[in-house]
Protein chains: 2
Amino acid sequence: MVTINDIAKKAGVAKSTVSRYLNGGSVSQKTKAKIERIVNETGYSPNTFAQSLKAKHTKMIGIIVPRLDSYSANEVLSSIDRKLRAKGYQLLITNTDQMIEREIENIYTLAKQKVAGIILMATVITEEHHKAIAEVDVPVLLLGQQAEGLHSIGHQEFEAGYAMGNYAGSLEHKNFLYFSVFKEDVAVGQLRANGVLSAFEKWPDIHVDILETSFSFQKAYELALEVLPKTKATYILCATDNIAMAVLKAAHTLNKNIPSDFSLSGFGGYEVTSIVSPSITTVKYGYKELGEVAVDQLFHLINREEVKNNVLISNTLIKRESTIPK
Amino acid sequence: MVTINDIAKKAGVAKSTVSRYLNGGSVSQKTKAKIERIVNETGYSPNTFAQSLKAKHTKMIGIIVPRLDSYSANEVLSSIDRKLRAKGYQLLITNTDQMIEREIENIYTLAKQKVAGIILMATVITEEHHKAIAEVDVPVLLLGQQAEGLHSIGHQEFEAGYAMGNYAGSLEHKNFLYFSVFKEDVAVGQLRANGVLSAFEKWPDIHVDILETSFSFQKAYELALEVLPKTKATYILCATDNIAMAVLKAAHTLNKNIPSDFSLSGFGGYEVTSIVSPSITTVKYGYKELGEVAVDQLFHLINREEVKNNVLISNTLIKRESTIPK
DNA sequence: AAATAAAATAGAACCGGTTCCAAAAAATAG
DNA sequence: CTATTTTTTGGAACCGGTTCTATTTTATTT
């Protein structure tokens, strides 16, 4: 491996001069040309560690994701990756398998790797999150959730819920079943649900049964198998497209027809909802945009520039075959 | 940040002694206890860069994936990640967006980051791949493809194709349409297809039309829209589940019924094929196992132990609603 | 108790860069 | 042509570890 010392020796200058050349310091035309030639000849490339040892940080951005096998996570990841690459940064992805303690652990791990910034896709923000984020000397940006005193960027969850509730109500259904997720998830478990309920207030005769399940396909499927045979609902709202797919499968298993037996809708805009039959009504989120704005925000944080504490990305309701008027 | 010097000073020993303590060298019981206490008190943790500067490599494994938004890539990624974590290694994921030149670029980037090893999920192995792999001083393991002189691990593609061909032939269909991918992809474009055709040799009266499309859902969908109205085939074979899903959507768009108008099958065992209606016949690949074996193999390479040049993982045919006898 | 062997330790060199400071060289002013 | 200012350069120190060598301390043998 060729080092800065080799270059310096071959060029007959001090290594500090080579370093200055590499980093755009003051070097005369003559020596500049000389060093340039030798650098090109040898294909020299600086040792990242030696640089980072001094610089205290790297050109890497860490991202902590709850799972890799999710449509939304991947959409966001792809767009973040693309944008980061354009800036000459590398993405360091760590996976928590939906275990909260690993989120904390990974915050420390990434900080130790001296990443320039961290993007955290969390579901819940605990005291320990706050502690870890405060301790590490790296800017952290929350994605998809918000929390007091932390910078974040997410979706307009309440608005999404409201749009869906408004649409479902206008179809004149009266009996609803809502497959939600645990309340600790503020974005999905609270805001999204509250949006729906808030829209329903226009129709005082609407009745909603709320059931709590999880993001897991399997869990939702099992719950649906149990609940669908005995429900009187004519419209089933699901907090995510993943849950909606599980209900669809359960309906199929139980020989129920959608939308004639009941209407069905999800949230997310996953591609698969347009492929299945019937295609499923959903709210399409701006995942790509979320990723891009996240990178912008994070770099503002890194450069210690002023940023809004919380940015929200808009979304659109997509009406499909799975929902019909009562 | 507390450094090894701080520890040494507080303990009243030389920093070399602290280093020896940390790395299990010979240290007396008395000083061991003293240093241990101080390390715990201060929460000291060694600077990774300073370590890597000397060590010449990190506890990171790089993986180069063609895309993040694919079921198979994520299955493999999850299992590699899990296994690596258990060994105290970090996974550094880089995405190429299916651009070959980026694969090359990323090999160099990862090598520069001094990863201990690289896992490469490539589709095609070019001269430049060979050159890059030979140049960087890091063990590289191919995943899903094989190439002369390189270590690799993949699926039993030919066998998968054969099993599917054998099953489809035994259903007594005579007219087939096969949506394949470009031939440069040895695993999918050649081995998988050859397996099918090889099985078909048992039935000399079988006729197969082979069409070439890509891994992209959209491209496959467009081709299917164009081809389905005029085909006489009663069974459509697809080289991937993704393509099968596209054909399913096209069939739906064109008001064709599966399986009464034609049978349909894919390859991959993607979860979604069991959810859609009709559920789709496919070959389930051992993605989890692939990831695990890959990590094992890579560590053998890193430790310069003897390894088989090429390991293949088995798979199983799953018969579902989308395929019926003629 | 002296001689010898083994274990523990300190100190220096090193990994490959960046940065500071003072000296040297070049450019400009008087 | 000398004095002054500006630009360029080399050398040393530093980042925070690891490792080698020589020395000191402790343990063992006779």
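Note that the structure is predicted; figures quoted are calculated from it, not measured. Numbers restart at 1 for each chain; the letters A, B, ... are given by sequence-line order, proteins then strands.
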Write down the atom of [X], the atom of [Y], and the distance for their closest heavy-atom approach.
X: B/Gln145; Y: B/Ala122; result: CG-O, 3.0 Å
X: A/Leu301; Y: A/Pro139; result: CB-CB, 3.9 Å
X: B/Ile118; Y: B/Ile107; result: CD1-O, 3.9 Å
X: A/Ile313; Y: A/Leu290; result: CG1-CD1, 3.7 Å
X: A/Phe215; Y: A/Gln98; result: CB-OE1, 4.4 Å
X: B/Ser79; Y: B/Lys288; result: OG-O, 2.9 Å

> With both distances under 3.5 angstrom, what nucleotide forms a Watson-Crick or G-U wobble pair with C/dA24?
Replying inline: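 D/dT7 - that is the nucleotide pairing with C/dA24, both distances being under 3.5 Å.
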
> So does B/Asp6 pair up with B/Lys10, basic N to acidic O under 4.0 Å?
Replying inline: no

Please give, in whole Å, the distance from [N] [atom2] to [X] [atom1]?
X: A/Ile4; N: C/dC14; atom1: CD1; atom2: P; answer: 18 Å
X: A/Asn5; N: C/dG17; atom1: CG; atom2: P; answer: 8 Å
X: B/Ile7; N: D/dT18; atom1: CD1; atom2: P; answer: 12 Å
X: A/Asn23; N: C/dT19; atom1: CG; atom2: C1'; answer: 10 Å
X: A/Lys32; N: D/dT8; atom1: NZ; atom2: P; answer: 8 Å
X: B/Asp6; N: D/dG17; atom1: CG; atom2: P; answer: 9 Å
X: A/Tyr21; N: C/dG17; atom1: OH; atom2: P; answer: 14 Å

Sub-3.5 Å pairs of nitrogen or oxygen atoms, protein against nucleotides 25-27 of chain C:
none

Give each protein N/O atom lying under 3.5 Å from an N/O atom of nucleotides 22-24 of chain D, with the pair distance.
none

> Is there side-chain contact between A/Gln146 and A/Ile153, with heavy atoms separated by less than 4.5 Å?
Replying inline: no

> Have B/Ser19 and B/Ser16 got a donor and an acceptor in their side chains that come within less than 3.5 Å?
Replying inline: no

>> Can a side-chain donor-acceptor contact be found between A/Glu103 and A/His129 if the only test is distance below 3.5 angstrom?
In response: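 Their side chains do contain a donor-acceptor pair, which is all the 3.5 Å distance test asks for.
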
>> Classify B/Ser16 by what it touches in the nucleic acid, base, sugar-phosphate, or nothing, heavy-atom distance under 4.0 Å.
In response: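 Answer is base: heavy atoms of B/Ser16 come under 4.0 Å of a base.
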
> Using a cut-off of 4.0 Å on non-hydrogen atoms, how would the nucleic acid contact of A/Ser19 be classed: base, sugar-phosphate, or nothing?
Replying inline: base

> With under 30° as parallel and over 60° as perpendicular, where do the rings of B/His155 and B/Tyr285 fit, or are they tilted in between?
Replying inline: perpendicular

> Quick one: is D/dT26 close enough that its OP1 or OP2 comes under 4.0 Å of any side-chain N or O from B/Ser28?
Replying inline: no

>> Just verifying a value: how many Å separate B/Leu120 CG and B/Ile63 CD1, rounded to the nearest 0.5 Å?
In response: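 Reported value, rounded in 0.5 Å steps: 9.0 Å.
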
> What's the closest nucleotide to the A/Arg20 side chain, out of C/dA10, D/dT9, C/dT9?
Replying inline: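 Looking only at heavy atoms from C-beta outward on A/Arg20, the closest nucleotide is D/dT9.
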
> More 5' along DNA chain D: A/Ser26 or A/Lys15, using each one's nearest nucleotide?
Replying inline: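 Comparing both residues, the 5'-ward one is A/Ser26.
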
> Does anything in residues 40-57 of chain B reach DNA chain C, meaning a heavy atom under 4.0 Å, and if so which residues?
Replying inline: B/Leu53, B/Lys54, B/Lys56

> Start at the 5' end of DNA chain C and walk down; is the nucleotide closest to B/Val13 or to A/Val18 reached first?
Replying inline: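 On the 5' side of the pair lies B/Val13.
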
